[in-house]
Each structure stands twice: as C-alpha cells, then as structure tokens.
Amino acid sequence: NGVTYALIMKEPKPLKYTKLDGLSEKQLKEHHDVLYVGYVKKFAEIQEKLKTVDLASANQAYSELRALKMGETFALNGVKLHEGYFDNMMEGGVVPSGKIASLIDRDFGSFQKWSEEFKALGLAARGWVVLGYDLDDHVLRNIVCDSHNQGGIWNMVALLIMDVYEHAYFIDYSTARKAYIEAFFKNIDWDHPNMLIKRYV
C-alpha cells in the first residue's frame, strides 16, 4: 500500500569541465562526484522506499511517509540545484547579452546593480543564491535558499544558480567566500540562462 504514482529515477549528469578559472579540479570533482552524485543516489533510495511505505500510518508529528516526502524534496532539489550550478558555468565565462541582459537591466536597473545584490546575497545566504524568473509577475528575482527545500518560490524558473555552501569552495578558498564568489562570476556561462529564458519570454 505504498505510493502508486510513477516514481522517476535519475542518473548523474557528467561534469562538462575538469577545471575553471579559480576553481581546481579537486574542488570540482569533490563537489560533483561526492556531493551531487550522493544526492542522486539518495533520491533513488527514497523513491524505492516510497513504493512500500505504509500510508495508513501517516502523521504530521512523525511518520515514515512524512520523513520520506521531506527527504525527497531535499534530495531532488539537491540534484536540481547542483545540476543548474554546474550547467551555468564554463571555463572563461561568457559576457551577458541578449534577452537575459535586457531583463536584468529592466528589473534591476543595470547589470552592476544586479551583480552587487547577487554577490551580497552570496555572503548572506547559507546555501544557495538563485536568479529566477517569476512566471506570475513576469520579473526577475534574486532569492536566497538556506537549504535545498527552503526559500524557493512557486512558479519561478531558476536561471542562474550559485552554490555558497562551504563544500563548493572550501578546498580552494578555505573561509574566503568573497574570493570564491568573484571566481564564480568569472566562469558564468550566460548562454545557459539565455537558453532557459527563451522558453518563457
């Protein structure tokens, strides 16, 4: 009497580069091969357990169903956020242009104002900073997610994702998060958010 809807299994996506400007191969491989792949495996494990979970024992204080469903969102968002983070970087980066550049100018006043806010949020966040497009209000928003499944906004498409958990930079930068954020900005592949936004604008 477990969950009967279709359960989706995911496979880890390969990392498309070995190093980036300011981010070593060791840092990227540890981040991708250990943490990201771990979330993919944990999501698959949860999907298997949902097939046989006892629905009759559901309870809001504690039940296996509640624990599995809360873990499911944490693990799946861990997969999705990491994939977005790795996908929106490339060695050498790309200068912002096209639709995403014009929307940033419209909604933040200028690229400089947007980047100042995004970088500041990188110091304020405990987990993630995301530039997203609100499908209801049709505007860009910078948001902070302190945990994989906390801070997201319904009906918002994640366009640019920056991981600021310590595991994203500690091998290369120790506690110097500000220096890591500058390195991240050197490697942004703006073609990726441009590709995503074209689906909606």
Side-chain angles (χ1 to χ4, degrees), residues 13 15-39 74-97 99-101 103-105 107-108 110-134 139-153 156-197:
K13 292 175 63 175
L15 195 59
K16 61 185 181 181
Y17 36 71
T18 57
K19 63 182 178 61
L20 296 171
D21 187 2
L23 292 171
S24 68
E25 180 176 3
K26 181 173 177 57
Q27 177 68 71
L28 291 167
K29 293 285 282 181
E30 287 284 324
H31 193 181
H32 180 276
D33 294 355
V34 177
L35 288 152
Y36 160 65
V37 171
Y39 287 122
F74 187 86
L76 182 55
N77 281 346
V79 172
K80 289 177 178 285
L81 286 164
H82 278 100
E83 287 180 350
Y85 170 74
F86 294 128
D87 284 347
N88 61 213
M89 289 191 293
M90 67 178 293
E91 190 168 9
V94 171
V95 175
S97 62
K99 178 59 74 173
I100 193 66
L103 288 174
I104 286 174
D105 285 343
D107 295 337
F108 293 93
S110 69
F111 180 80
Q112 181 178 345
K113 289 180 179 178
W114 168 80
S115 62
E116 287 173 354
E117 179 180 296
F118 198 85
K119 289 176 181 180
L121 291 177
L123 298 174
R126 296 173 182 168
W128 303 90
V129 184
V130 178
L131 169 65
Y133 183 70
D134 188 318
V139 295
L140 296 176
R141 302 185 190 281
N142 285 332
I143 65 163
V144 165
C145 297
D146 278 346
S147 179
H148 300 167
N149 55 355
Q150 184 275 319
I153 297 174
M156 192 185 83
V157 180
L159 301 175
L160 180 72
I161 299 168
M162 179 170 66
D163 190 345
V164 292
Y165 277 113
E166 287 183 348
H167 61 239
Y169 60 87
F170 203 81
I171 291 173
D172 288 340
Y173 292 96
S174 185
T175 58
R177 185 188 288 192
K178 191 171 185 178
Y180 157 71
I181 292 171
E182 293 300 327
F184 171 81
F185 264 72
K186 290 178 184 177
N187 294 288
I188 295 176
D189 177 6
W190 285 101
D191 289 341
H192 184 71
N194 252 332
M195 174 195 70
L196 296 174
I197 197 64

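This structure is a prediction, so every number in the text was calculated from the model and none was measured.
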Closest heavy-atom pair and its distance - Ile143, Ile153: CG2-CD1, 3.5 Å
Inter-residue atom distance Leu15.CG - Leu28.CG, 0.5 Å rounding: 6.0 Å
Least distance between heavy atoms, Pro96 atom then Ala101 atom: C-CB, 4.0 Å
From Met156 atom CE to Leu140 atom CG, the distance as rounded to the nearest 0.5 Å: 9.5 Å
Tyr173 side-chain N/O to Gly22 backbone N/O, donor-acceptor pair under 3.5 Å: yes
Spatial distance of atom CG (Asp172) from atom NE2 (His31) [nearest 0.5 Å]: 12.0 Å
Pairwise salt bridge (charged side-chain N to carboxylate O under 4.0 Å, His left out) hits with a residue in residues 125-134, at least two apart: Asp134-Arg141
Check: Asp163 and Trp128 side chains under 4.5 Å, non-hydrogen atoms: yes
Parallel, tilted or perpendicular: ring planes of Trp190 versus Phe111, cut at 30 and 60 degrees: perpendicular
Side chain to side chain, Tyr180 and Leu23, heavy atoms closer than 4.5 Å: yes
Close side-chain approach of Lys29 and Asp33, heavy atoms under 4.5 Å: yes
Side chain to side chain contact (heavy atoms under 4.5 Å, CB included) partners of Phe170, counting only residues at least two apart: Glu166, Ser174, Thr175
Nearest-0.5 Å distance that lies between atom OH in Tyr17 and atom CD in Glu25: 12.5 Å
Partner of Tyr36 by side chain to side chain donor-acceptor pair (under 3.5 Å), out of Glu30, Glu83, His82: Glu83
Heavy-atom side-chain proximity of Met195 to Asp191 below 4.5 angstrom: no
Test salt bridge (Lys or Arg N to Asp or Glu O under 4.0 Å) applied to Glu91 - qualifying residues, sequence neighbours left out: Lys19
Closest non-hydrogen atom pair between Tyr165 and Ser147, with its separation: OH-CA, 3.4 Å
For the student: nearest non-hydrogen atoms of Ile161 and Asn88, plus distance: N-OD1, 2.7 Å
Residue list, salt bridge (Lys or Arg N to Asp or Glu O under 4.0 Å) with Lys16, at least two apart or on another chain: none
Minimal non-hydrogen separation, Ala75 against Tyr39, with atom names: O-CB, 3.9 Å
Spatial distance of atom CD1 (Ile171) from atom CD (Gln27) [nearest 0.5 Å]: 4.5 Å
Note, Asn194 side chain near Ile197 side chain (heavy atom, < 4.5 Å): yes
Lys119 atom NZ, over 12 foreign heavy atoms within 6.0 Å: yes
Asp87: salt bridge (Lys or Arg N to Asp or Glu O under 4.0 Å) partners, not counting sequence neighbours: Lys13
Partner residues of Asn142 under the side chain to side chain contact (heavy atoms under 4.5 Å, CB included) criterion, sequence neighbours left out: Phe108, Trp114, Glu117, Phe118, Leu121, Leu131
